[in-house]
Amino acid sequence: MSTPDSADPTARARDLLGVSRLTNRALSGALHGLHGVDQVGCELRAAALGTRSIKADSKRWAIDLAISMIDLTTLEGADTPGKVRGLATRALVPDPSDPSTPSPAAVCVYGDMVATARETLGDSPIRVAAVATAFPSGRASLPVKLADTKDAIAAGADEIDMVIDRGAFLAGDYLTVFREIVAVKQACTRADGRAARLKVIMETGELVTLDNVRRASWLCMLAGADFIKTSTGKISPAATLPVTLVMLEAVRDWREHTGDMVGVKPAGGIRTSKDAISFLVAVHEVAGEDWLDNQWFRFGASSLLNDLILQRQRMTIGAYSGADYIADDAPSAY
Amino acid sequence: MSRVDVRKTYKLYIGGAFPRSESARSYEVYAVPSRAGARPRFLANASLASRKDARNAVVAARKAFPGWSAATAYNRGQVLYRVAEVMESRRAQFVTDVRDAEGLTPARAEAVVSAAIDRWVWYAGWSDKLAQVLGGLNPVAGPFFDISAPEPTGVVAVLAPQASSLLGLVSVIAPVVVSGNTAVVVTSADRPLPAVTLAECLATSDVPGGVVNLLTGRAAEIAPWLASHRDVNAIDLTGAADAPGVSWAELEAAAADNLKRVLRPGGSGAEAVEPDFTATPALSRMTAYLETKTVWHPKGR
């Protein structure tokens with residue numbers, strides 16, 4: 001289906017839904033018209049994908065791909081400029097003992113740390129992602145959320161991770177969620193016309209059902225999200241494989257429907273190489289090979305990088321490695 | 001009416017839990033025949049640990065190290081003494097296990113179990129005495145207090161003796177953990193059941209999970225990965241004696257890669273010999289896994 005004017009998401013959504021006016025009722029009708037998710041089947045499929053055996057050269061390739069897909073993240077109240085600089089340096093040189101180690105895709109920080117991260121990363125292709133819109137709760141008025149976003153953009157953020165208003169979503173007020181995403185997307189455009197990529201966090205741990213995850217995915221994509229992201233990392237459960245499976249199906253179906261590609265970012269709780277590789281298997285099997293690229297798939301993680309590097313070292317040196325051989329990016333607390 | 005046999009398949013002991021081997025393999029354990037030519041009696045199935053189980057055990061041991069090494073020596077001594085209490089209350093099973101494993105007479109097996117429990121108590125008693133005996137105030141030429149104190153080295157891989165299935169096992173594990181190290185132990189391949197019972201004693205005592213991890217299986221398969229593992233700080237090669245396919249010199253060479261502390265097996269030449277565990281031990285099994293921290297402090301007037 002063609003998109004009449006991709007710059008105007010409301011017009012496009014109207015066109016896609018086949019309505020003359022975008023109302024809450026129209027959105028509800030469309031989202032609740034989506035097929036329900038077979039939860040048991042979805043969990044079984046996720047478990048089956050998790051048992052695939054990826055060894056030797058395939059494993060090496062998967063590890064490098066996974067490293068290149070990481071949004072290296074620190075989102076703590078106690079983040080200091082030193083910690084952010086340490087994280088950014090880590091992104092530049094993930095493993096000092098092996099310069100062939102790929103860099104993560106981005107460094108993900110709070111908006112006020114964007115400038116610090118940008119300064120350390122310099123001209124490197126590693127992007128700076130900022131969480132915005134009253135992350136992680138999203139409980140603030142729209143002007144505050146927009147100011148938060150614009151602030152991060154002005155500081156040099158290349159990507160914005162916004163949270164949806166889960167309260168509005170659960171109350172069935174889809175139009176509010178839609179409008180917020182549209183407004184934040186507009187705020188992502190810089191003065192020179194270049195736009196930061198917008199990742200929309202659905203916080204699937206608060207959406208309760210997989211049906212809701214599917215609806216929220218479609219709602220975010222309708223509103224113009226460049227990425228749909230599982231979680232803030234502050235709520236458990238975060239990025240589970242079944243939830244990611246549903247989102248991958250959504251982006252696959254969205255492309256069939258509109259021809260546009262949307263990225264997926266599971267975040268939170270992915271700590272081991274084994275986990276990461278089963279996510280990659282799911283990406284390949286559900287969405288397709290086109291998504292096996294850090295332009296379209298990301299991991300939001302902090303400790304995952306360490307485990308991937310340990311595995312990488314293990315494959316290079318032929319012996320198990322340990323924490324003593326991993327760079328410690330946490331500055332001394334003294 | 002005859003009962004149906006309760007066939008046992010034992011598991012590994014990693015991080016305080018009893019998981020199956022990641023490889024899902026197991027092997028059959030037989031009793032030593034009571035007379036020559038007799039058909040060996042089936043005892044149980046034991047998990048056949050793989051290198052990935054060893055890797056998981058090292059992770060568990062590393063995780064347990066900060067807490068265990070930071071516990072007070074007094075507390076460690078109490079916790080280890082509690083293990084001896086549990087062993088004592090399971091004496092009957094240990095006696096049966098040792099008889100089956102080593103083909104001993106009932107009286108001899110009783111004596112071995114007593115010696116093993118006494119050995120554990122003996123080592124437990126050392127927890128708060130090590131620092132007094134091995135550390136102390138050093139005489140220095142200057143206005144300084146100069147104090148040395150022993151500290152645990154970290155995660156210790158232990159190849160348990162192949163023949164002495166309980167007394168030998170206790171004699172290699174207790175000296176490692178008493179000073180605050182954590183252990184990854186590869187048990188005797190043919191005689192693993194006393195180690196399984198010991199794991200059950202450890203799990204039901206107050207020893208934190210991960211302080212002792214027991215892997216039943218073949219040293220030839222697992223030991224090279226432990227010897228080269230960069231997150232292992234020391235390795236005890238005692239069990240290399242009579243372990244098929246194990247060259248302790250190669251293990252020592254692999255251990256040099258990250259400067260592990262190595263306790264060589266008994267014997268003088270290239271041939272490893274299992275030591276006699278009945279004698280009262282020297283301190284050397286404890287000192288082998290200690291580092292010395294020395295502190296200089298200026299002395300006031």
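Letters A, B, ... are given to chains in the order of the sequence lines, protein chains preceding strands, and every chain is numbered from 1.
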I'd like a table of the N/O donor-acceptor pairs between chain B and chain A - cut-off under 3.5 Å, distance only.
from	atom 1	to	atom 2	distance (Å)
B/R51	NH1	A/Y320	OH	2.9
B/R230	N	A/Y320	O	2.8

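Annotation: B/R264, atom CZ; neighbour count of heavy atoms from other residues, nucleotides and ligands within 6.0 Å does not exceed 12.
Looking at residues two or more places apart in sequence or on another chain, you find a ring-ring contact (aromatic ring centres under 6.0 Å, His included) between B/F144 and B/W296.
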